[in-house]
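Below: one structure, written as structure tokens.
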Amino acid sequence: MSVNGLRFVITGASAGIGAGTAKLAASNGAKVVISDLNDELGEALAAEIRDAGGEAIYQHCDVTDEEQVQTLMSVAADAYGGIDILHNNAGIHESMISQELSLETMTRETFEKVVSVNLVGVFLCSKYALPYLKESDQASIINAGSTSSIAGYPNCMAYGSTKGAVMQLTKNLAVDLAPHSIRVNCYCPGSIHTQMVDKFLEAAADPQAMLNTMTMTHLIPRMGAPKDVAELVCFLASEQSQFINGVVWLIDGGSLAWRGTLDILGMGAAQ
Ligand code: NAP
């Protein structure tokens, strides 16, 4: 898996899966532009990567703000002479911004906010990275889907719809950008231990029951770690994946491979 010298832009990369990807890519020789809303964490992560001998800068960017997205892409291209990889990672779940999660109670504002970050953000970042990606000879866009792109979950109405749309946007962009030799892929994680999952669990009426629901279907009986997903993102960016395009790649511990929970297999509660 080689990402040596590739120039990455990663959105929502101050924490969680984006941060894990920034660290792994940089430790394998990539030049990484970390962007996020959380400047303190983002600057600290870029400094940590540089201290370890890697190349990274931080640039503030709200993916829903067209001007900030344009600035991000131009700052990234100026810093490293272009962009090869756009990792559309930024995402939110409705439980992070509201406690009203049912169809009866969710407001239009909450629903539209999730659409704006998770779907419109992917559109805007792809649009404004495109001029630079066209100049790269190893360009790809890698989108964060979810198992909720494919299956329904409780209290996931806005999130699940946007992740389903990101999966379909991936396929459409793979088609439209093929003439420019830009690959577009999407990966769909199961439950990965990040602040997003912690906040989702906190919002649940019975956090332990919700944790069981989320992990009792993983055939690998644990939550994923950000590094598990980072390995896949780096592979999808790498020289080794050049014939992979328009895919929806599950990284879910096997949860969508079957219908059942671990107790049927005598494996007990997942950790
Ligand atoms: P996370 O820990 O919450 O990290 C997401 C980052 O995105 C945060 O730093 C957040 O900043 C930032 N962000 C939020 N809104 C933004 C915006 N408008 N513009 C730019 N950045 C923004 O989440 P994660 O679990 O690593 O998830 C990363 C991606 O993977 C998301 O797209 C998520 O849907 C997807 N995913 C995660 C899981 C999972 O189990 N964790 C499963 C499937 C898919 P603030 O903290 O300042 O808001």
Side-chain angles (χ1 to χ4, degrees), residues 9-24 33-46 58-69 71-72 86-97 112-125 128 142-151 153 156 158-167 169-170 186-203 210-211 213-215 217-218 222-230 232-233 248-253 255-256 270:
V9 172
I10 310 178
T11 64
S14 287
I17 294 167
T21 305
K23 283 195 228 176
L24 185 69
V33 178
I34 294 159
S35 69
D36 203 288
L37 303 175
N38 190 324
D39 299 341
E40 205 180 323
L41 276 182
E43 295 281 12
L45 177 61
Y58 173 75
Q59 172 67 31
H60 179 91
C61 178
D62 177 341
V63 296
T64 67
D65 182 315
E66 199 155 356
E67 243 174 67
Q68 289 184 25
V69 171
T71 303
L72 167 65
L86 170 64
H87 179 196
N88 280 315
N89 167 75
I92 58 169
H93 187 277
E94 48 266 47
S95 61
M96 298 169 87
I97 52 171
E112 285 184 348
K113 175 73 181 169
V114 178
V115 171
S116 177
V117 177
N118 292 7
L119 181 58
V120 180
V122 174
F123 161 74
L124 288 176
C125 290
Y128 290 110
I142 302 168
N143 294 327
S146 163
T147 46
S148 65
S149 301
I150 295 160
Y153 289 89
C156 262
Y159 184 80
S161 353
T162 59
K163 291 299 181 180
V166 164
M167 174 176 72
L169 178 60
T170 298
C186 161
Y187 59 87
C188 294
S191 299
I192 309 297
H193 196 195
T194 66
Q195 61 167 8
M196 178 182 280
V197 166
D198 285 341
K199 286 185 186 165
F200 180 66
L201 289 174
E202 275 165 29
M210 182 59 78
L211 177 64
T213 307
M214 290 169 75
T215 54
T217 59
H218 286 193
R222 62 172 173 86
M223 276 218 197
K227 187 165 180 292
D228 292 317
V229 181
L232 176 58
V233 175
V248 176
W249 194 310
L250 283 168
I251 174 158
D252 66 344
S255 71
L256 295 192

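All ligand and atom numbering here is 1-based and tracks the order in the structure.
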If you look only at distance, which donor and acceptor atoms sit under 3.5 Å apart when one is on a side chain in residues 192-202 and the other is two or more places apart or in another chain?
{"unit_1": "His193", "atom_1": "NE2", "unit_2": "Asp198", "atom_2": "OD1", "d": "3.1"}
{"unit_1": "Thr194", "atom_1": "OG1", "unit_2": "Met196", "atom_2": "N", "d": "3.2"}

Problem set entry | Residues in contact with ligand 1, criterion: heavy atom under 4.0 Å |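 Ligand 1 is contacted, at a heavy-atom distance under 4.0 Å, by Gly12, Ala15, Gly16, Ile17, Asp36, Leu37, Asn38, Cys61, Asp62, Val63, Asn89, Ala90, Gly91, Ile92, Met96, Val117, Ala144, Gly145, Ser146, Tyr159, Lys163, Pro189, Gly190, Ser191, Ile192, Thr194, Gln195, Met196, Val197.
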Exercise. Will you find, in the side chains of Asn118 and Thr162, an N or O donor that is under 3.5 Å from an N or O acceptor?
Worked result: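 Thr162 and Asn118 do have a side-chain donor-acceptor pair below 3.5 Å.
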Exercise. Is there a donor-acceptor contact under 3.5 Å linking the side chains of Asn89 and Thr11?
Worked result: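 Looking only at side-chain atoms, Thr11 and Asn89 do not form any donor-acceptor pair under 3.5 Å.
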Problem set entry | Set of salt bridge (Lys or Arg N to Asp or Glu O under 4.0 Å) partners for Asp62, sequence neighbours left out |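 Once residues adjacent in sequence are excluded, Asp62 has no partner under the salt bridge (Lys or Arg N to Asp or Glu O under 4.0 Å) criterion.
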Problem set entry | Partner residues of Lys23 under the salt bridge (Lys or Arg N to Asp or Glu O under 4.0 Å) criterion, sequence neighbours left out | Glu48
For this session: Decide yes or no for Thr147 and Tyr153: does some side-chain heavy atom of the first lie under 4.5 Å from some side-chain heavy atom of the second?
Result: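 Yes, at least one pair of side-chain atoms sits under 4.5 Å.
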